[in-house]
Student: 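Right, I'll just put the structure down here and ask away after.
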Amino acid sequence: MVVKKRQTVKKKFVSFSDDDVLSRANRSTKSNTHYDSPPVYVRRTPLTIPIHLPVLCYWFAKCSKDYDIVRALWYLAPSQLLYLVLQFNRCTVYGNKIIKTNHSLLLVSAGTTFLLTIPCMLFIILFGAPISELLKKTWLLSLHCCVLAYPAIYSVYNSDFKVGYFKKYFISIAIGCWISCVVIPLDWDRPWQAWPTPIVIGGYIGAFFGYTFGSFL
């Protein structure tokens, strides 16, 4: 009688060692990413309050001749530069230290601010601004908005392009301009209702609230 030998079947074991290696690699990658990209924030301090903006807004609304937006722009540009260097940048923390002023980035940010006037003007036109007539005033309005955003534009450059944190400053300016549009169609026949005077004032107010309370958001 022939006795058949039983074939031994090798049991296969599933190892999760590869998953453990992958999970450890992912954790190390996340930790390295967090280390290479430290957080950025603006300190909650009264130093971020742009006192010059309500002053310029009052001058533009009450003291300027025929609501001169060009002269207001000449006053706004150096005021924003001083605000950035002396106030806003000193309150911006990247990682564990306050970001120092980079003079070359000041010029780069100024050039970017000027270039952003074109998409900003197109954005304003899409929201109903006149195209054929008053195009120069629309461009001056976009230049006002971009100069108001200059400290945020510089901070994006100086913090490795962390746009996500500083977008609230751009949004506050846009909201201020958008809300101020409601007075234009009213039949009050006031000179300050002419395009783009109320939008400029709204942008100043929106920027003031944005820079003042942006660190709390």
Side-chain angles (χ1 to χ4, degrees), residues 36-61 69-120 123-124 140-180 199-217:
D36 295 336
S37 182
V40 59
Y41 63 93
V42 177
R43 292 187 296 129
R44 298 175 180 178
T45 170
L47 191 60
T48 59
I49 300 176
I51 301 297
H52 64 288
L53 289 182
V55 175
L56 289 175
C57 189
Y58 178 82
W59 172 86
F60 177 69
I69 58 177
V70 176
R71 174 174 277 187
L73 192 61
W74 282 108
Y75 292 155
L76 176 65
S79 300
Q80 285 292 89
L81 178 61
L82 292 176
Y83 169 72
L84 168 62
V85 175
L86 301 179
Q87 294 181 250
F88 192 76
N89 191 68
R90 293 185 177 182
C91 300
T92 306
V93 180
Y94 185 42
N96 295 322
K97 59 182 179 180
I98 297 176
I99 302 178
K100 295 183 180 179
T101 303
N102 190 325
H103 296 88
S104 61
L105 283 183
L106 292 175
L107 297 176
V108 174
S109 303
T112 304
T113 300
F114 185 80
L115 292 176
L116 285 176
T117 58
I118 303 301
C120 182
F123 183 77
I124 295 173
L140 288 173
L141 169 62
S142 66
L143 186 56
H144 268 274
C145 294
C146 292
V147 173
L148 287 170
Y150 176 67
I153 294 172
Y154 168 85
S155 299
V156 169
Y157 274 110
N158 208 21
S159 60
D160 294 335
F161 295 92
K162 291 184 179 294
V163 184
Y165 179 82
F166 294 100
K167 66 181 179 181
K168 53 192 172 185
Y169 299 102
F170 302 99
I171 294 175
S172 64
I173 298 171
I175 292 177
C177 293
W178 179 65
I179 293 177
S180 62
I199 318 299
V200 173
I201 296 175
Y204 278 58
I205 297 174
F208 175 78
F209 280 97
Y211 288 115
T212 302
F213 302 105
S215 58
F216 295 91
L217 301 177

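Note that these values count all heavy atoms, side chains included, but never hydrogens, waters or copies made by symmetry.
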Student: Could you state the interatomic distance from SG (C57) to CD1 (I205), rounded to the nearest 0.5 Å?
Tutor: 5.0 Å
Student: Just wondering, do I124 and I199 contact through their side chains at under 4.5 Å, heavy atoms?
Tutor: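 Not in contact.
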Student: Could you tell me if the side chain of L148 sits less than 4.5 Å from the side chain of L53, heavy atoms only?
Tutor: yes
Student: Please round to the nearest 0.5 Å and tell me the distance separating atom CG of L116 and atom CD1 of I118.
Tutor: 10.0 Å
Student: If you look at every heavy atom in L47 and L86, which pair is closest and at what distance?
Tutor: CD2-O, 4.4 Å
Student: Cut-off 3.5 Å, side chains only: do D160 and Y94 have a donor facing an acceptor?
Tutor: yes
Student: Who passes ring-ring contact (aromatic ring centres under 6.0 Å, His included) against Y169, sequence neighbours left out?
Tutor: F88, Y211
Student: Are side-chain heavy atoms of Y150 and S109 found at a separation under 4.5 Å?
Tutor: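 A side-chain contact exists here, since the closest heavy-atom pair is under 4.5 Å.
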Student: For a quick test of reading the model, state the closest non-hydrogen atom pair linking C145 to I173 and the distance between them.
Tutor: O-CD1, 4.0 Å
Student: Just wondering, do T92 and F166 contact through their side chains at under 4.5 Å, heavy atoms?
Tutor: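 A side-chain contact under 4.5 Å exists here.
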Student: Run the side chain to side chain contact (heavy atoms under 4.5 Å, CB included) check on L73 and V147 step by step: do they pass?
Tutor: CA-CA 8 Å; L73 192 61; V147 173; 4.2 Å; yes
Student: Could you walk me through whether R90 and T101 pass side chain to side chain contact (heavy atoms under 4.5 Å, CB included), step by step?
Tutor: CA-CA 8 Å; R90 293 185 177 182; T101 303; over 6 Å; no
Student: I want to check something: taking the side chain as every heavy atom from C-beta on, are T112 and Y154 in contact at a cut-off of under 4.5 Å?
Tutor: no
Student: Taking the inter-plane angle between the rings of F161 and Y157 on a 0 to 90° scale, is it parallel (under 30°), tilted (30 to 60°) or perpendicular (over 60°)?
Tutor: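 Perpendicular, since the angle between the ring planes exceeds 60°.
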Student: In terms of heavy-atom contacts, does OH of Y165 have more than 12 from other residues, nucleotides or ligands at under 6.0 Å?
Tutor: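 Enclosed: over 12 neighbouring heavy atoms sit under 6.0 Å from OH of Y165.
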Student: I'd like to know if the side chain of K168 reaches the main chain of L217, judged simply by a donor and an acceptor atom lying under 3.5 Å from each other, with no hydrogens or angles considered.
Tutor: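 Yes: the side chain of K168 pairs with the backbone of L217.
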Student: Check the pair L76, F60 against side chain to side chain contact (heavy atoms under 4.5 Å, CB included), reporting the backbone distance first and the verdict last.
Tutor: CA-CA 11 Å; L76 176 65; F60 177 69; over 6 Å; no
Student: Please examine the side chains of L56 and S79, heavy atoms only from C-beta on, and report whether any two atoms are closer than 4.5 Å.
Tutor: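 With C-beta onward as the side chain, the pair touches.
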Student: Grab the two heavy atoms, one from S142 and one from C120, that are nearest each other, plus how far apart they are.
Tutor: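 Looking at all heavy atoms of both residues, the closest pair is CB-SG, 3.7 Å.
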Student: Run the ring-ring contact (aromatic ring centres under 6.0 Å, His included) test against Y41 and tell me which residues pass, sequence neighbours left out.
Tutor: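 Per chain and number, Y41 pairs via ring-ring contact (aromatic ring centres under 6.0 Å, His included) with no residue.
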Student: Does CH2 belonging to W178 count more than 12 external heavy atoms closer than 6.0 Å?
Tutor: no
Student: Please name the pair of heavy atoms, one in V200 and one in H144, separated by the smallest distance, quoted to 0.1 Å.
Tutor: CG1-ND1, 4.0 Å
Student: Quick one: are T48 and Y83 in side-chain contact, heavy atoms under 4.5 Å?
Tutor: yes
Student: Kindly indicate, with the supporting measurements, whether the criterion side chain to side chain contact (heavy atoms under 4.5 Å, CB included) is fulfilled by F208 and I49.
Tutor: CA-CA 7 Å; F208 175 78; I49 300 176; 3.9 Å; yes
Student: For K100 and N158, work out which heavy atoms get closest and say how close.
Tutor: O-ND2, 3.2 Å
Student: Looking only at heavy atoms, what is the nearest atom pair of S155 and S159, with distance?
Tutor: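 Taking S155 first and S159 second, the nearest heavy atoms are O-OG, 2.6 Å.
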Student: Taking the side chain as every heavy atom from C-beta outward, state whether S215 and C91 have any atom pair closer than 4.5 Å.
Tutor: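 Heavy-atom side-chain distance check fails, nothing below 4.5 Å.
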